[in-house]
Amino acid sequence: ARRGAPAAMLKHAAVLIGIRDTPEPTIILTQRSTALRHHPGQISFPGGRIEAFDASPQDAACREAFEEIGLARQAIDILGELPDYITVTGFSIRPVVARVAAEAVIAADGVEASQLIELPLARALYGPAYRFQRIERNGHTYRIYSIDHAGHHVWGATASMLVTLARASAALEARSFTIATEAAID
């Protein structure tokens with residue numbers, strides 16, 4: 001665990017990093033409803049708590065994607081998982097990476113998700129698109145990543161998971177991935 005609550009107290013969740021399989025692939029994000037108690041209006045991946053009836057984090061991520069954006073399970077091809085991301089709010093989030101059929105019909109449910117956002121995969125894999133800063137809070141230093149797209153500000157856990165995805169992709173392709181502001185601060 002990198003931060004937050006002790007491991008025994010963590011609440012487990014899963015998110016779907018859905019990559020739409022189009023000629024110019026996009027990553028499916030949602031804007032959370034402003035009526036939600038936690039993180040209202042923020043940009044996130046479809047996802048949520050892993051429930052006792054979920055067979056796996058992958059099942060939880062797919063279930064949540066169906067609930068939030070109507071993404072049918074048969075339109076999802078699981079590619080793998082990224083390392084768990086531990087939040088300062090006591091969640092251990094399992095990012096599940098998947099290919100989503102180009103023809104999949106999706107729409108924000110209007111309850112949890114108020115809007116769909118499709119971030120071009122090429123932008124998500126491009127280091128200079130990100131910003132990095134350190135924030136001091138309650139005696140702790142936090143590393144915060146962010147990326148903007150089409151008037152939307154993606155930051156925090158979602159941006160950090162995008163950075164992890166981009167670094168994993170770069171490592172597989174034996175290319176570098178650098179965030180300019182990160183190098184300037186370190």
Side-chain angles (χ1 to χ4, degrees), residues 1-18 27-52 54 56-58 60-61 64-65 68 80-97 111-115 117 119 123-172 175-186:
R2 290 182 291 189
R3 58 174 108 189
M9 298 180 69
L10 291 172
K11 297 167 284 236
H12 296 277
V15 296
L16 187 75
I17 301 179
I27 296 176
I28 300 167
L29 298 167
T30 65
Q31 181 167 20
R32 293 174 54 82
S33 168
T34 56
L36 293 175
R37 198 172 101 208
H38 299 290
H39 312 292
Q42 291 185 7
I43 309 303
S44 64
F45 299 109
R49 277 187 196 252
I50 299 173
E51 302 293 349
D54 290 315
S56 67
Q58 293 178 358
E64 288 282 348
E68 293 177 26
E81 298 176 354
L82 296 175
D84 289 357
Y85 182 83
I86 310 301
T87 70
V88 297
T89 56
F91 279 89
S92 175
I93 303 172
R94 175 74 51 88
V96 177
V97 182
V111 177
E112 291 185 64
S114 62
Q115 182 179 0
I117 299 151
L119 173 67
R123 180 164 179 75
L125 300 180
Y126 181 61
Y130 291 90
R131 286 186 308 285
F132 168 81
Q133 64 186 39
R134 288 182 205 265
I135 294 177
E136 293 281 335
R137 187 173 172 194
N138 300 325
H140 297 283
T141 301
Y142 300 100
R143 301 167 62 93
I144 307 293
Y145 294 100
S146 64
I147 183 171
D148 293 322
H149 173 67
H152 298 286
H153 184 65
V154 183
W155 67 283
T158 302
S160 291
M161 288 182 256
L162 285 170
V163 167
T164 301
L165 175 69
R167 286 189 169 134
S169 174
L172 286 172
R175 62 178 169 77
S176 67
F177 177 83
T178 305
I179 297 173
T181 52
E182 186 175 40
I185 292 174
D186 280 343

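All values derive from a computational prediction rather than experimental measurement.
Looking at every heavy atom in both residues, A124 comes nearest to Y130 through O-OH, 2.7 Å. The two residues A14 and P57 come nearest to each other via the heavy atoms CB-O, 3.3 Å. Here the closest non-hydrogen pair linking T158 and S44 is OG1-CA, 3.4 Å. Nearest heavy-atom pair, L16 versus F45, reported as atom, atom and distance to 0.1 Å: O-CB, 3.6 Å. In terms of heavy-atom proximity, A168 sits nearest to L82 at CB-CD2, 4.4 Å.
Distance check, rounded to the nearest 0.5 Å: CZ of F91 to OH of Y85 gives 13.5 Å. Y142 OH to S160 OG: the interatomic distance, rounded to the nearest 0.5 Å, is 13.0 Å. Between the CD atom in E64 and the CD1 atom in I50 there is a gap of 10.0 Å [rounded to 0.5 Å]. Here the CD1-CE distance, from I93 to M161, works out to 4.0 Å after rounding to the nearest 0.5 Å.
Between R167 and the options I179, L125, T178, a side-chain contact (heavy atoms from CB on, under 4.5 Å) holds for only I179.
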For a salt bridge (charged side-chain N to carboxylate O under 4.0 Å, His left out) check, start with the C-alpha distance between R131 and D148, then their side-chain angles and the critical distance, and finish with the verdict. CA-CA 9 Å; R131 286 186 308 285; D148 293 322; 2.8 Å; yes
Would Q42 and Q31 satisfy side-chain contact (heavy atoms from CB on, under 4.5 Å), going step by step from the backbone distance to the final call? CA-CA 6 Å; Q42 291 185 7; Q31 181 167 20; over 6 Å; no
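Counting heavy atoms from C-beta on, the side chains of P83 and T164 come closer than 4.5 Å. R134 is not listed as a side-chain neighbour of I144, based on a closest heavy-atom distance of 4.5 Å or more. V96 is not listed as a side-chain neighbour of V15, based on a closest heavy-atom distance of 4.5 Å or more. Residues Q133 and I135 meet the side-chain proximity criterion, which asks for heavy atoms closer than 4.5 Å. When side chains are defined from C-beta on, L119 does not count as touching V154, because their heavy atoms never get closer than 4.5 Å. By the 4.5 Å heavy-atom criterion applied to side chains, H12 and S92 are counted as neighbours. Residues T30 and I117 form no side-chain contact, since every pair of their non-hydrogen atoms from C-beta on lies 4.5 Å or further apart. K11 places a side-chain heavy atom less than 4.5 Å from the side chain of R49.
Remark: the S169 side chain and the R175 side chain contain an N/O donor-acceptor pair separated by less than 3.5 Å. Under 3.5 Å, the side chains of T87 and T89 contain a donor-acceptor pair of N or O atoms.
Scored by the side-chain hydrogen bond (donor to acceptor under 3.5 Å, both in side chains) test, R94 finds E81, D84 as partners (sequence neighbours excluded). Annotation: side-chain hydrogen bond (donor to acceptor under 3.5 Å, both in side chains) contacts of T141 (sequence neighbours excluded): E136.
Ring geometry for H153 against W155 counts as parallel: the plane angle stays under 30°, on a 0 to 90° scale with 60° as the upper cut.
Side chain of E68 to backbone of G47: a donor-acceptor contact under 3.5 angstrom is found.
The distance between the ring centers of Y145 and F132 falls below 6.0 angstrom.
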